[in-house]
Amino acid sequence: TKKKEENFVFLLKTCIFTKKYIILPNNTKEKAENPERVGITIYFNTMETTNSVPAMQLPTNRGLLKMLLLGFITFGIYPLVVYSKISGEINLIASRHDGKQTMHYCLMAFVFSWLTLGIYPFIWCHKICSRIGKELERRGIKYDFDASDFWLWNILGSLIFIGPFIYIHKFMKAMNLLNEDYNQKG
């Protein structure tokens, strides 16, 4: 029994704990020798993926007012950070379903924008808005947002001055809804 206790202590020191499982650093799915001692089932290097909450929670508190105020205070750095994070979040949320990757915002803004004489940001915004709209629909979230919002509110709406603000509000709300759904369902 002394040997089993030493083995068990070693296993506890070298494993990762989750709510229901202990994940040990090898590749078998065999049960550990004495799972009844802990009162939970112990598996090697497996995680339960059904109905699991993602390890990283995505932000759901973005909005127009916050974007404008912090953008003003940080001299435009905050919107760069937010859009950079959003480009990664949409990849995290949608890539396993649609097989696409959205280019990182900073790469688009600082490299491809200059190389294409300012044309690529329009293509990038069209693609990300379309992707967000399709993911909202796939997840069954009742919110109307797609690439047409970019063209109508941000581009044509700039003629009435308030259009881009409506676009930013809709864009942030769509991402908040997607992030909230992802935080709950994965």
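A salt bridge links R138 to E135: at least one charged side-chain nitrogen sits closer than 4.0 Å to a carboxylate oxygen. Between E89 and R62, at least one side-chain nitrogen of the basic residue sits less than 4.0 Å from a carboxylate oxygen of the acidic one, meeting the salt-bridge criterion.
Criterion: ILVMFWY side-chain heavy atoms under 4.5 Å apart, direct or through other members. Under it, F150 and I162 are part of a common hydrophobic cluster. Side-chain heavy atoms closer than 4.5 Å link hydrophobic residues (I, L, V, M, F, W, Y) into clusters, and following such links, possibly through other members, connects L107 to I123. Transitive grouping of hydrophobic side chains (ILVMFWY, heavy atoms separated by less than 4.5 Å) brings Y143 and Y167 into a common cluster. Hydrophobic clustering (ILVMFWY, side-chain heavy atoms < 4.5 Å, transitive): F165 and L65 are in distinct clusters. A chain of hydrophobic side-chain contacts below 4.5 Å, direct or via other Ile, Leu, Val, Met, Phe, Trp or Tyr residues, connects F122 to V111.
For the pair N179 (side chain) and P59 (backbone), a donor-acceptor distance under 3.5 Å is present. In this structure a side-chain-to-backbone donor-acceptor pair under 3.5 Å is present from T116 to Y120.
Residues meeting the side-chain contact (heavy atoms from CB on, under 4.5 Å) test with F72, sequence neighbours left out: none. Checked against salt bridge (charged side-chain N to carboxylate O under 4.0 Å, His left out), D181 has the following partners two or more places apart in sequence or in another chain: R139, K185.
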### Message
As a quick check of understanding, evaluate side chain to side chain contact (heavy atoms under 4.5 Å, CB included) for I128 and F171, giving each step before the final call.
### Response
CA-CA 10 Å; I128 196 168; F171 184 84; 4.1 Å; yes

#### Entry: Criterion side chain to side chain contact (heavy atoms under 4.5 Å, CB included) on W124 and S87, from CA distance to verdict
CA-CA 10 Å; W124 186 88; S87 63; 3.9 Å; yes

### Query
Going through the checks in order, is the salt bridge (charged side-chain N to carboxylate O under 4.0 Å, His left out) test met by K134 and D98?
CA-CA 9 Å; K134 287 177 184 173; D98 64 10; over 6 Å; no

#### Entry: Pair L92-Y182, side chain to side chain contact (heavy atoms under 4.5 Å, CB included): steps then yes or no
CA-CA 9 Å; L92 178 67; Y182 177 80; 3.7 Å; yes

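In this structure, NE2 in H126 is found 9.0 Å from CG in D146, a value given to the nearest 0.5 Å. Annotation: the span from K173 atom NZ to E180 atom CD amounts to 10.0 Å, rounded to 0.5 Å. Separation of atoms CD1 (I141) and CD1 (I132) is listed at 11.0 Å; rounding is to 0.5 Å. The CG atom of L64 lies 9.5 Å from the CD1 atom of I166; values are rounded to the nearest 0.5 Å. To the nearest 0.5 angstrom, R131 atom CZ is 9.5 Å from I93 atom CD1. For the atom pair CD1 of I168 and NZ of K170, the computed distance is 13.5 Å after rounding to the nearest 0.5 Å.
Between N61 and K66, the shortest heavy-atom contact is ND2-NZ, 3.4 Å. Here the shortest heavy-atom pairing between S84 and C106 reads OG-SG, 3.1 Å. Taking each heavy atom of T102 and N91 in turn, the nearest pair found is N-OD1, 2.6 Å. For T74 against L70, the heavy-atom pair with the smallest separation is OG1-O, 2.6 Å. Residues P121 and S113 share a closest heavy-atom pair of CG-OG, 3.6 Å. What you find for D149 and D144 is that their closest heavy atoms are OD2-O, 3.7 Å.
More than 12 heavy atoms of other residues, nucleotides or ligands sit less than 6.0 Å from atom CD of Q101. Atom CH2 of W153 has 12 or fewer neighbouring heavy atoms from other residues, nucleotides or ligands inside a 6.0 Å radius. When the shell of 6.0 Å around OH of Y78 is examined, it contains more than 12 heavy atoms from other residues, nucleotides or ligands.
Using a 4.5 Å heavy-atom cutoff, the side chains of M67 and Y83 are in contact.
Aromatic ring centres of F110 and Y105 lie farther apart than the 6.0 Å criterion allows.
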